[in-house]
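The structure appears below as structure tokens.
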Amino acid sequence: MLLGSSAFAGGEYIPRRYSGLGGNISPPLEWMKLPEGTKSLTLILEDPDASKTFTHWLIYNIPPDREGLPEAVPTEPNLPDGIRQGLNSAGETGYTGPYPPPNRVHHYHFRLFALDTVLRLKAGNHQADLIKAMEGHIIDQTDLTGLFVA
């Protein structure tokens with residue numbers, strides 16, 4: 001399973017437009033080579049370099065026939081095709097971009113999970129609820145890491 005973005009490559013800097021200092025919109029993401037039996041996808045974006053790991057995005061029940069997510073995914077809890085979004089560490093639904101303290105590089109991990117089920121979770125869940133619902137259903141996972149410095 002592969003995850004990438006046309007906006008930045010793994011290990012490179014995330015453009016400012018996708019940060020809290022810019023447009024605060026989600027970057028475009030593309031994936032391929034999903035494992036057989038994938039019924040849905042979940043994406044979790046985290047910054048482990050914050051004083052406490054900061055979750056920037058929880059988006060789940062993405063249909064496996066999608067080849068990615070476009071730039072600027074709306075922040076509504078319920079999206080077309082049954083896609084749902086949870087609460088990030090700021091207590092908001094949807095994506096919130098990188099916004100680290102000045103002069104310190106942070107790593108942003110876009111983790112994509114292939115699941116053997118569609119999760120029976122309403123929108124607006126916390127990460128702990130999402131992780132618990134995913135237990136025993138992860139077929140494969142991959143990571144795209146971007147960097148950002150304010």
CG-OH distance between N24 and Y18, expressed to the nearest 0.5 angstrom: 12.5 Å

Atom pair CD/CG of E67 and D65 - distance to nearest 0.5 Å: 9.0 Å

Pair T96-H56, side chain to side chain contact (heavy atoms under 4.5 Å, CB included): steps then yes or no: CA-CA 5 Å; T96 186; H56 286 263; 3.8 Å; yes

D47 side chain vs F54 backbone, donor-acceptor pair below 3.5 Å: no

Parallel, tilted or perpendicular: ring planes of Y95 versus W57, cut at 30 and 60 degrees: perpendicular

pair I44-Y60: side-chain heavy atoms closer than 4.5 Å: no

Verdict with supporting geometry, T42 and M134, side chain to side chain contact (heavy atoms under 4.5 Å, CB included): CA-CA 9 Å; T42 293; M134 290 170 40; 3.7 Å; yes

Separation between CG of N88 and NE2 of H126, rounded to the nearest 0.5 Å: 10.5 Å

Heavy-atom closest pair, residues P15 and A7: CG-O, 3.4 Å

Heavy-atom closest contact (L3 atom, T142 atom, distance): CB-CG2, 3.6 Å

Shared hydrophobic cluster, I62 / F113 (ILVMFWY, side-chain heavy atoms < 4.5 Å): no

Side-chain heavy-atom pair P77, K122 within 4.5 angstrom cut-off: no

Taking every non-hydrogen atom, the tightest pair across P101 and H106: CD-NE2, 3.7 Å

H107 backbone acceptor or donor facing D49 side chain under 3.5 Å: yes

I14 with L112, same ILVMFWY side-chain cluster at under 4.5 Å: yes

Between T145 and D143, a side-chain donor and acceptor under 3.5 Å: yes

E46 CD to R111 CZ distance, which is reported to the nearest 0.5 Å: 4.5 Å

Backbone of S6 reached by a side-chain donor or acceptor of E30 within 3.5 Å: yes

Heavy-atom pair of closest approach, residues R84 and A123: CD-N, 3.5 Å

Side-chain donor/acceptor of Q85 to backbone N/O of E76, under 3.5 Å: yes

NE2/H109: more than 12 non-hydrogen atoms of other groups inside 6.0 Å: yes

Same apolar cluster (I L V M F W Y, side chains within < 4.5 Å links), L87/L130: no

Side-chain donor/acceptor of S26 to backbone N/O of V73, under 3.5 Å: yes

Distance-only donor-acceptor check, side chains D116 and H137, under 3.5 Å: yes

Heavy-atom closest contact (S40 atom, T117 atom, distance): OG-O, 2.6 Å

Considering all heavy atoms, the nearest L121-D129 contact: CD1-O, 4.1 Å

Centroid separation F110 to F8 less than 6.0 Å: yes

Single-linkage hydrophobic cluster I139~W31, side-chain heavy atoms < 4.5 angstrom: no

Given I83, L34, L41, the one that forms side-chain contact (heavy atoms from CB on, under 4.5 Å) with R66: I83

same_hphob_cluster(L144, Y108) at 4.5 Å side-chain heavy-atom cutoff: yes

Side-chain (N61) to main-chain (V118) donor-acceptor, under 3.5 angstrom: no

